[in-house]
Asks: 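Can you keep this structure in mind? I'll have questions shortly.
Just so you know, residue 1 is the first one in the sequence shown, and it goes up from there.
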Amino acid sequence: MSETPPSLVGLTTYLLSKTGKAARSRLAARVAERDLRLWHMAVLSALVDFGPHVQRELASRLGIDRSDMVKIVDDLAVAGLVDRARDTTDRRRVTITPTRAGRAMLADLQAEALAVQRELLAPLTGPEQAQLAALLRRVHAHVHEGTEESRSGR
């Protein structure tokens, strides 16, 4: 018997957590079919959306530990999804750039993410889905505003 206690169903934070976990799990499974993880997708997204990045700044932008970022970028480079270039003036700086194959892979991964989204949001009408997305963007902005302020020392 796996009935959820009504006191938990009454908590929006609980519902967000459980729904987010289900979404993450489903998307992670689809990404894994391509021998990638969600962090790989996040790195490709940042590179395509914001352009080439110094590896250290990319780790900071995505909140990934620098040593973990090295492994993620290594994986992507071996797969031919990113190029790495050392700065000629500062050999410690490595700039990461998505390749054409990396951009194509990201497009495939985004299609998978949209498919998962359609599955999860199937019980909602189109307008309800749009309303949910708008509300979640507001909550996301509020949560991350505080995170950015604490990082910058405001």
Asks: Between Glu128 and Thr125, is there a donor-acceptor pair closer than 3.5 Å when you use the side chain of the first and the backbone of the second?
Replies: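 Yes, the answer is positive, given that a donor and an acceptor are paired below the 3.5 Å cut-off.
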
Asks: Of all heavy-atom pairs between Pro52 and Thr97, which one has the smallest distance, and what is that distance?
Replies: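 Here Pro52 and Thr97 meet closest at CB-OG1, 3.6 Å.
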
Asks: Please check if the side chain of Thr99 supplies one atom and the backbone of Gly80 the other of a donor-acceptor pair under 3.5 Å.
Replies: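 Between the backbone of Gly80 and the side chain of Thr99 there is a qualifying donor-acceptor contact (under 3.5 Å).
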
Asks: Do Gln117 and Leu114 come within less than 4.5 Å of each other through their side chains, counting heavy atoms only?
Replies: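 Side chain of Gln117 against side chain of Leu114, heavy atoms only: contact under 4.5 Å found.
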
Asks: Distance check, rounded to the nearest 0.5 Å: Arg66 atom CZ versus Leu58 atom CG?
Replies: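 Answer rounded to 0.5 Å: 12.0 Å.
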
Asks: Do NZ/NE/NH1/NH2 and the carboxylate oxygens of Arg92 and Asp87 come within less than 4.0 Å?
Replies: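 Asp87 and Arg92: not salt-bridged.
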
Asks: Just by distance, no angles: are the side chains of Ser60 and Glu57 close enough, under 3.5 Å, to form a donor-acceptor pair?
Replies: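 Short answer, no.
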
Asks: Leu136, Leu124: one ILVMFWY side-chain cluster at the under-4.5 Å cut-off?
Replies: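 Yes, same cluster.
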
Asks: Please report, to 0.1 Å, the donor-acceptor pairs under 3.5 Å made by any side chain of residues 36-48, with sequence neighbours excluded.
Replies:
unit_1: His40; atom_1: ND1; unit_2: Arg37; atom_2: N; d: 2.7
unit_1: His40; atom_1: NE2; unit_2: Asp75; atom_2: OD2; d: 3.0
unit_1: Ser45; atom_1: OG; unit_2: Met41; atom_2: O; d: 3.0

Asks: Just do the salt bridge (Lys or Arg N to Asp or Glu O under 4.0 Å) check on Glu145 and Arg138 with the steps written out, would you?
Replies: CA-CA 10 Å; Glu145 247 176 41; Arg138 281 179 43 200; over 6 Å; no

Asks: May I have the list of side-chain donor-acceptor pairs in residues 12-28 shorter than 3.5 Å, sequence neighbours left out?
Replies:
unit_1: Thr19; atom_1: OG1; unit_2: Leu15; atom_2: O; d: 2.8

Asks: Find the distance between CD1 (Ile64) and CD1 (Ile72) and round it off to the nearest 0.5 Å.
Replies: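 One finds 4.0 Å between CD1 of Ile64 and CD1 of Ile72.
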
Asks: Find out if a path of hydrophobic residues (ILVMFWY) with successive side-chain heavy-atom gaps under 4.5 Å connects Val31 to Leu62.
Replies: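 Shared cluster, yes.
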
Asks: Using only atom types and a distance under 3.5 Å, with no angle test, would you say the side chain of Arg86 pairs donor to acceptor with the backbone of Val94?
Replies: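 Between the backbone of Val94 and the side chain of Arg86 there is no qualifying donor-acceptor contact (under 3.5 Å).
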
Asks: Counting N and O atoms only, with roles assigned by atom type, does the side chain of Gln55 sit under 3.5 Å from a partner on the main chain of Met69, one being a donor and the other an acceptor?
Replies: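 Here the side-chain-to-backbone pair does not exist.
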
Asks: Are Met105 and Arg34 close enough, and set up right, to give a side chain to side chain contact (heavy atoms under 4.5 Å, CB included), and what steps lead you there?
Replies: CA-CA 9 Å; Met105 176 62 76; Arg34 291 169 171 78; 3.4 Å; yes

Asks: So, taking the atom named CG in Leu120 and the one named CZ in Arg118, what distance separates them when rounded to the nearest 0.5 Å?
Replies: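 Rounded to the nearest 0.5 Å, the CG-CZ separation comes out at 11.5 Å.
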
Asks: Counting only N and O atoms by type, is there a donor-acceptor contact under 3.5 Å from the side chain of Glu112 to the main-chain atoms of Arg30?
Replies: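 Checked: no pair found.
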
Asks: Quick check: does any side chain N or O of His144 sit under 3.5 Å from a backbone N or O of His142, one acting as donor and the other as acceptor?
Replies: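 A pair under 3.5 Å: no.
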
